[in-house]
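Counting starts at 1 for both ligands and their atoms, in listed order.
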Amino acid sequence: MAESVAETVTESPVKRLVVLVSGSGTNLQALLDAIAEMSAAVYGAEVVAVGADRDGIEGLARAERAGLPTFVCRVKDHESREAWDAALTEAVDAYEPDLVVSAGFMKIVGKEFLARFGGRFVNTHPALLPSFPGAHGVRDALAYGAKVTGCTVHFVDDGVDTGPIIAQGVVEVRDEDDESALHERIKDVERRLLVEVVGRIARNGYRIEGRKVVIL
Ligand code: GAR
C-alpha cells in the first residue's frame, strides 16, 4: 500500500484592510459584498475596521451592520491639523492594516499618516486624473464641458490626487447630465474598479516604480 504523502498547501495570507469613509459608503459596501460573496481567502483581503472623519454617516452604519469595528477621528476634536493626523495614524495603525483604502474619505492626510502608510494607501477619485483633482471632481468635469470623465484608483502621495495611478474607468458625459446623475454613473464603474483593483493588489502584490504601478 502506498504511503500517504503529506501535502503542504501554502496559502497567501489574507491582507488586512482599513477603509476610511466620509459619506454614504457605497464603495465600502461593494468591497464588503465582494468579500462576503467570494470569501476573504479567495478575494485575498478582509476589511478589519472602518474609520471616518465624522459621525452619523451611512458609511459607518454599513460597517456596523457588517459587524465591523469603527472609529471616528474628527479634526475639530484636536488642537491642530497635525494632532488630528497623528491621532488618525494611531487609530488606523491599531488595526495593523496591510492596505488602507480611502473610499470617499474627504480629508487630506498629513505627513505622519503618509510616513506610516505611504505606498499602501489607496484612494478612489471620481474623475480621470490628472484632470479634475480635489473635492469636486464630478462638478468640475461637467463645468469644463468634458465629453468623457470617469474614476481613478491611485496611491496617495503628498499632493492632492497626484499619486501613482493604479487603474482608471471611463464614463461618457451626456448632454442632459447634472452632477448627481453623472456621479451615480461614475460610482457604478468606480465600485467595480475598486473591488477589482484592491483584490488584485492584495492577491498578487505590486511595485511602485516612480509614477508607474506594476501589479505582479
Ligand atoms: C466616490 O465617488 C469617491 O470617488 C468620491 O466620493 C464618492 C464616495 O461615494 N471621493 C472624492 O470625491 C474624493 N475626492 P461612496 O461614499 O458612496 O463610496
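Proximity to Gly104 (heavy-atom distance under 4.0 Å) selects the following atoms of ligand 1: 6 (O), 8 (C), 10 (N). Short contacts between ligand 1 and Gly134, defined as distances under 4.0 Å to a heavy atom of the residue, involve ligand atoms 14 (N). Close approach to Thr124 involves these atoms of ligand 1, each under 4.0 Å from a residue heavy atom: 3 (C), 4 (O), 10 (N). Each of the atoms 1 (C), 2 (O), 7 (C) of ligand 1 lies under 4.0 Å from some heavy atom of His183.
Open room surrounds CD on Glu37; 12 or fewer heavy atoms of other groups in view lie less than 6.0 Å from it.
With sequence neighbours left out, Glu90 forms a salt bridge (charged side-chain N to carboxylate O under 4.0 Å, His left out) with Arg116. In this structure, the side chain to side chain contact (heavy atoms under 4.5 Å, CB included) partners of Arg174, at least two apart in sequence or on a different chain, are Glu176, Asp177, Arg185.
Of all protein heavy atoms, the one lying nearest to atom 12 (O) of ligand 1 is Pro126 CD, 3.4 Å. For atom 13 (C) of ligand 1, the closest non-hydrogen atom on the protein side is Met106 SD, 3.5 Å.
The option from Leu28, Asn27, Val19 that lies nearest to atom 18 (O) of ligand 1, judged by heavy atoms, is Asn27. For atom 2 (O) of ligand 1, the nearest non-hydrogen atom from the set Arg191, Glu190, Arg62 comes from Glu190.
Residue Lys187 places at least one N or O, backbone or side chain, under 3.5 Å from an N or O of ligand 1. By the 3.5 Å distance cut-off applied to N or O atoms, Asn123 is not counted among the residues near ligand 1. The N/O atoms of Gly25, backbone and side chain alike, include one that comes under 3.5 Å of an N/O atom in ligand 1.
Rounded to the nearest 0.5 Å, atoms CG (Asp178) and NE2 (His183) are 12.0 Å apart.
Distance alone, capped at 3.5 Å, places no donor-acceptor pair between the Tyr43 side chain and the Met38 backbone.
In terms of hydrophobic clustering, with Ile, Leu, Val, Met, Phe, Trp and Tyr side chains grouped at heavy-atom distances under 4.5 Å, Phe155 and Ile108 are assigned to different clusters.
Looking only at atom types and distance, the side chain of Thr124 has a donor-acceptor partner in the side chain of Glu190 under 3.5 Å away. For Thr89 and Glu112, the side-chain atoms include no donor-acceptor pair closer than 3.5 Å.
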